[in-house]
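In the text below, chain A, chain B and the rest are named by the order of the sequence lines, each starting its count at 1.
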Amino acid sequence: MPLLKIDKLSKSFGGLKAVSNLNIEINDGELIGLIGPNGAGKTTVFNLLTGVYEPTEGSVKFQSKDMRGLKPYQVTQSGMARTFQNIRLFSDLTVIENVKIAYHQRSSYSTLSAFLRLPSYYAGEEEMQRKAMELLKIFNLEDKAEEVAKNLPYGEQRRLEIARALGTEPKLLLLDEPAAGMNPQETHDLMNLIRWIRQQFNLAILLIEHDMSLVMGVCERIYVLDYGMIIAQGTPDEIKNNPKVIEAYLGEEVV
Amino acid sequence: MGKRINRQSVLTLVGVLLVYAIVQGSIFMDILPPFVALTLIQVCIFIILATSLNLINGITGQFSIGHAGFMAIGAYVAAIVVVKFHGPLLLALIAGAAAAAVAGFLIGLPTLRLKGDYLAIATLGFGEIVRIVFLNTSYVGGASGFSVPKTITWTWAFWLTVLSIIIIRNFIKSTHGRACISIRENEIAADVMGINTTKYKIMAFTIGAFFAGLAGGIYANYLYIIQPLTFSFLKSFDILVMVVLGGLGSLTGSVLGAVVMTVVSAALSGWPEWRLVITAVLLIVMMIFRPKGLLGTKEFSLSFLGKKGDKNASSKD
Amino acid sequence: MGSVTEQVLQQIVNGLSLGSIYALVALGYTMVYGIIKLINFAHGDVMMVGAYAGWFATTTLHMSFIPALLIAMTVSAILGVLIERIAYKPLRNATRIASLITAIGVSFFLEYGGMLVVSPQMRTYPPVFPDTIYNVGGIIIKYGDIVMIVTSIVLMVLLHGIVKYTKIGKAMRAVSFDTEAALLMGINVNNTISATFAIGSALAAAAGVLMGVYFNTINPLMGIIPGLKAFVAAVLGGIGIIPGAMVGGFFLGLTESFVSGLGASTWRDAVAFLILILVLIVKPSGLFGKNIREKV
């Protein structure tokens with residue numbers, strides 16, 4: 001069984017079909033790209049997967065479990081995490097608080113032991129602190145743990161958002177244009193980071209990206225979305241030479 | 001971190017004991033004017049009200065202006081337990097708080113889907129409905145009020161206030177409190193981080209209502225009589241002003257706001273119009289020039305008395 | 001004619017009178033909300049100020065109804081613009097909650113500042129109209145009922161004309177639809193917002209004068225409850241939607257007079273708030289509104 005199986009997924013807003021008849025399969029540990037021109041419906045796919053939107057038709061199976069009707073938090077709890085195209089950090093909180101919130105769903109102590117500060121409160125908080133610091137260390141953010149998130153430079157905010165998503169301990173990570181707004185050097189570093197995350201955390205990644213070099217460089221398989229439909233799929237080499245893709249990206253250079 | 005008892009908590013404990021002892025001493029020596037005694041108890045009541053409202057408005061970011069409704073429920077239920085069933089004070093207070101919490105849960109369930117000003121206006125409506133229900137219930141005296149013996153002492157009021165603050169603070173500084181804060185910061189991101197936002201909104205609302213009910217119970221058992229008019233939306237606004245003044249999201253700010261506003265009100269009690277005009281101007285000027293309140297979301301601490309190195313520990317422990 | 005039918009018709013007459021007040025006040029709420037997304041809590045108090053201006057014009061200045069009405073509307077219009085410029089304008093980019101708190105502050109200021117200026121005691125409106133009572137088949141229609149309903153309908157028609165056909169009306173609709181785009185199209189947003197406050201406040205003042213004439217007495221806190229109820233009416237009709245406010249106002253007026261007619265007048269306010277909560281829960285966009293959701 002694949003880790004994620006999207007079957008004939010469709011979404012209409014009023015009369016507009018944003019996504020139609022979408023089929024995607026992702027196996028354990030795969031790194032998959034989802035590309036397409038502006039307005040092709042890529043982010044809508046993420047919103048459908050994570051329960052932000054309710055699909056009009058079709059089904060999503062994750063770890064063989066039907067995801068229909070699940071709320072975003074339930075989707076996350078079942079092992080799917082995401083980042084946003086426009087960064088959505090808890091911007092007035094510190095870096096470490098951002099990550100601790102991601103660990104909340106795995107927290108071990110009850111409200112009662114929080115009220116009364118029972119031993120399980122201290123144990124739970126210490127464990128969270130330790131795990132959050134470990135994660136920040138991996139992302140080179142441990143020195144900034146106590147800094148307020150909105151004061152971080154843009155690139156670090158992106159990294160923090162990925163770190164925070166990993167804090168939910170996902171099996172599948174959805175990255176929505178992680179390289180948006182980054183310069184080539186930062187994009188290059190990000191590419192290495194994404195590869196490394198996949199191995200280190202033993203998870204699958206679905207990546208939405210505009211930056212062709214990033215997608216072609218890291219993804220094993222790529223789906224191309226245009227007007228809400230998959231127009232091509234395959235390895236980076238196959239995609240590069242696919243006339244349909246070139247047509248969809250007319251004017252844009254496919255590396 | 002790690003250290004469970006630090007300089008900060010020791011200093012706070014000493015301060016708390018000192019305040020209690022000074023007041024209790026002057027009561028014992030009979031040198032405390034009745035007016036001051038009344039004001040002190042009111043300060044306690046308003047501290048509980050303001051900190052509990054802050055949990056809803058400041059920490060969780062859900063704008064409620066119906067707090068007087070929960071206070072009323074707590075007051076009336078506590079009064080009924082004492083007067084009609086001759087129950088002990090502690091039981092009455094718990095029953096009042098629990099009833100308010102149940103009401104908070106029930107009203108929160110449908111209304112917390114609403115956002116911002118819509119939620120505000122719905123909670124205001126709820127508070128008024130509660131008041132009108134008591135107004136029309138002859139079992140509790142209707143408009144003329146409900147007489148309750150005075151059994152609350154300074155000791156009761158003070159320690160219940162301290163207990164309330166500690167419990168609310170413990171909640172806020174736990175993973176559950178952080179879940180609430182994440183909703184305030186960015187509800188969509190919180191949801192996607194696996195936080196059951198509905199659950200935590202309702203939890204904050206219920207806990208807030210519980211303590212408002214407790215404050216109501218203390219009020220009922222101190223003031224000899226409770227009347228529906230006391231719990232009008234003007235009372236909710238009073239509490240809101242304290243929270244906003246101190247800083248939405250700052251517990252110590254709420255304590256400060258409650259103390260300042262109650263003392264100012266008491267001082268201006270002979271000129272009620274002036275009191276409200278000043279409050280109004282203060283509120284407007286505050287929103288324009290310092291919309292985050294005196295303390296913002298920060299906590300006031302005594303750590304400047306201690307070593308400099310304690311700075312982080314005191315604000316983030 | 002059975003007495004039940006008579007009673008029902010009687011309550012309809014009363015309800016329409018009351019409803020016309022709510023409708024006039026609700027229009028101001030809805031216009032302001034439509035344009036700057038603010039629940040102008042002080043709107044009921046602007047109505048109170050209008051009522052006092054009208055009272056002053058009829059007693060001290062011995063004016064008749066129409067001139068007094070116009071004076072009251074002018075005073076409140078100026079007040080509305082001042083409130084917006086002084087208190088709300090600096091907060092246009094602040095959170096909605098900050099604006100809401102400010103509005104509560106302005107409301108307090110008008111109520112208790114008003115008490116300081118005109119004293120908390122009640123004032124009696126002079127009998128501006130004859131006490132004529134028409135008995136139409138057992139239904140009692142006061143002269144005041146007719147004035148109330150006619151005045152409010154005339155004003156609403158006037159408002160409709162302004163919003164639909166004048167330049168400023170078009171500007172108001174443009175700003176409420178998309179403030180930034182309106183700005184880019186060269187619309188003077190500040191003036192448009194001021195005009196909205198002026199018109200809304202003038203309508204509230206008219207409601208205030210009508211209330212004074214109809215119920216005879218006024219006091220500095222008279223605006224609170226009708227203000228809240230008018231807000232309920234605005235939400236009921238779909239806040240930001242002008243015809244919605246009118247329908248909501250009349251609906252609420254009728255509901256209230258039927259609740260009173262059933263002998264439950266002490267529950268009147270509770271019913272209004274219950275309607276509010278139910279509408280907010282079931283259809284927060286109101287009877288005439290569309291649902292919108294946040295883009296992710």
Under 4.5 Å heavy-atom distance to chain B, tell me which part of C:Leu38 shows up: side chain, backbone, both or neither. neither
Can you tell me which portion of C:Ile101 sits under 4.5 Å from chain B's heavy atoms? Options are side chain, backbone, both or neither. both
Can you say whether B:Tyr118 sits under 4.5 Å from chain C via the side chain, the backbone, both, or neither, judging by heavy atoms? both
For chain C, find its close neighbours in residues 257-276 of chain B: heavy-atom separation under 4.5 Å, sorted by number, or none. B:Glu273, B:Trp274, B:Leu276
Hey, which residues of residues 76-89 of chain C are touching chain B, say heavy atoms under 4.5 Å apart? C:Ile86, C:Ala87
B:Asp117/C:Lys37 salt bridge by N-O under 4.0 Å criterion: no
Most chain B-contacting option - heavy-atom pairs closer than 4.5 Å, from C:Ile277, C:Val232, C:Ile97, C:Val235: C:Ile97
Hey, do the aromatic rings of B:Phe126 and B:Phe70 have their centres closer than 6.0 Å? yes
Can you pull out the residues in residues 232-243 of chain B with any heavy atom less than 4.5 Å from chain C? B:Phe233, B:Leu234, B:Phe237, B:Leu240
Salt bridge (Lys or Arg N to Asp or Glu O under 4.0 Å) involving C:Glu111 - partner list, sequence neighbours excluded: none
Please flag which part of B:Ala120 lies under 4.5 Å from any non-hydrogen atom of chain C: side chain, backbone, both or neither. side chain
Heavy-atom distances under 4.5 Å only: say whether B:Val133 touches chain C with side chain, backbone, both or neither. both
